[in-house]
Amino acid sequence: MNKIIKFALIAIGLIAAVLWFSLPSGDDPDAINSGSMNFMFVIMYILLAIAVVASVFFGLKKLFSTPGSLKKALFSIGGLAIVVAVSYGLSSGNAEVVEAMSGRGIETTESTVKTIGMGLNVFFILTLVAVVLMVFPGLKKMFVK
């Protein structure tokens, strides 16, 4: 199986190299419609699909085959749901922001502003948790011996 994969990767690499050298110049106004560029995008989408399917398959296989991993995954998903709920509660659908956006010609609603605020709050909370989880063990190791 490894030999087949190696030969397939070599073939894809050679095809990509040939397509690379057959790309039109950047000065060509019709360069985006070239056949070699379109085929390179097709190869990219196929490889991306293979990577996504393989990662989901092997992730789910490990999730269901390892004892206790399903429980940990459910706790993690529950924790993420709590973070999202808290972030949604902390965000506000500020009417002034809606008016400012409509003044610029961008149609938006208060729920859109609240959803964007929730996404930012989720990002900040998860970043803070990641920093604490990286720094705390180092400090604990430094002071406790």
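All values reported here derive from a predicted model rather than from experimental measurement. Residue numbers count from 1 along this sequence.
- The two residues S91 and G117 make their nearest non-hydrogen contact at CB-C, 3.7 Å.
- Expressed to the nearest 0.5 Å, how far CD1 of I12 lies from CD1 of I5 amounts to 10.5 Å.
- Placement of I77 and F64 in two distinct hydrophobic clusters is found when ILVMFWY residues are connected by side-chain heavy-atom separations under 4.5 Å, directly or transitively.
- Atom CD1 of I46 sits about 7.0 Å away from atom CD1 of I43, to the nearest 0.5 Å.
- Looking at T109 and T112, their side chains do bring a donor and an acceptor atom within 3.5 Å of each other.
- For the pair Y88 and N121, the minimum side-chain heavy-atom distance is 4.5 Å or more.
- Hydrophobic clustering places L47 together with F39 (ILVMFWY residues linked when any side-chain heavy atoms are closer than 4.5 Å, directly or through intermediates).
- Hydrophobic clustering (side-chain heavy atoms under 4.5 Å, transitive across Ile, Leu, Val, Met, Phe, Trp, Tyr) keeps M134 apart from F136.
- E110 CD to T115 OG1: the interatomic distance, rounded to the nearest 0.5 Å, is 11.5 Å.
- Atom CZ of residue F75 and atom CD1 of residue I82 lie 10.0 Å apart, to the nearest 0.5 angstrom.
- In this structure, NZ on K62 lies 13.5 Å from CG on L70, to the nearest 0.5 angstrom.
- The shortest side-chain heavy-atom distance between L126 and L80 falls under the 4.5 Å cut-off.
- No path of Ile, Leu, Val, Met, Phe, Trp and Tyr side chains, each step under 4.5 Å between heavy atoms, connects L48 with M40, placing them in separate hydrophobic clusters.
- Expressed to the nearest 0.5 Å, how far NZ of K72 lies from OG1 of T66 amounts to 9.0 Å.
- A continuous path of hydrophobic side-chain contacts links I15 to M44 [ILVMFWY only; heavy atoms under 4.5 Å].
- Side-chain contact between K6 and L9 is absent, with no heavy-atom pair separated by less than 4.5 Å.
- Put simply, the side chain of K114 never gets that close to the backbone of S92: no donor and acceptor are under 3.5 Å apart.
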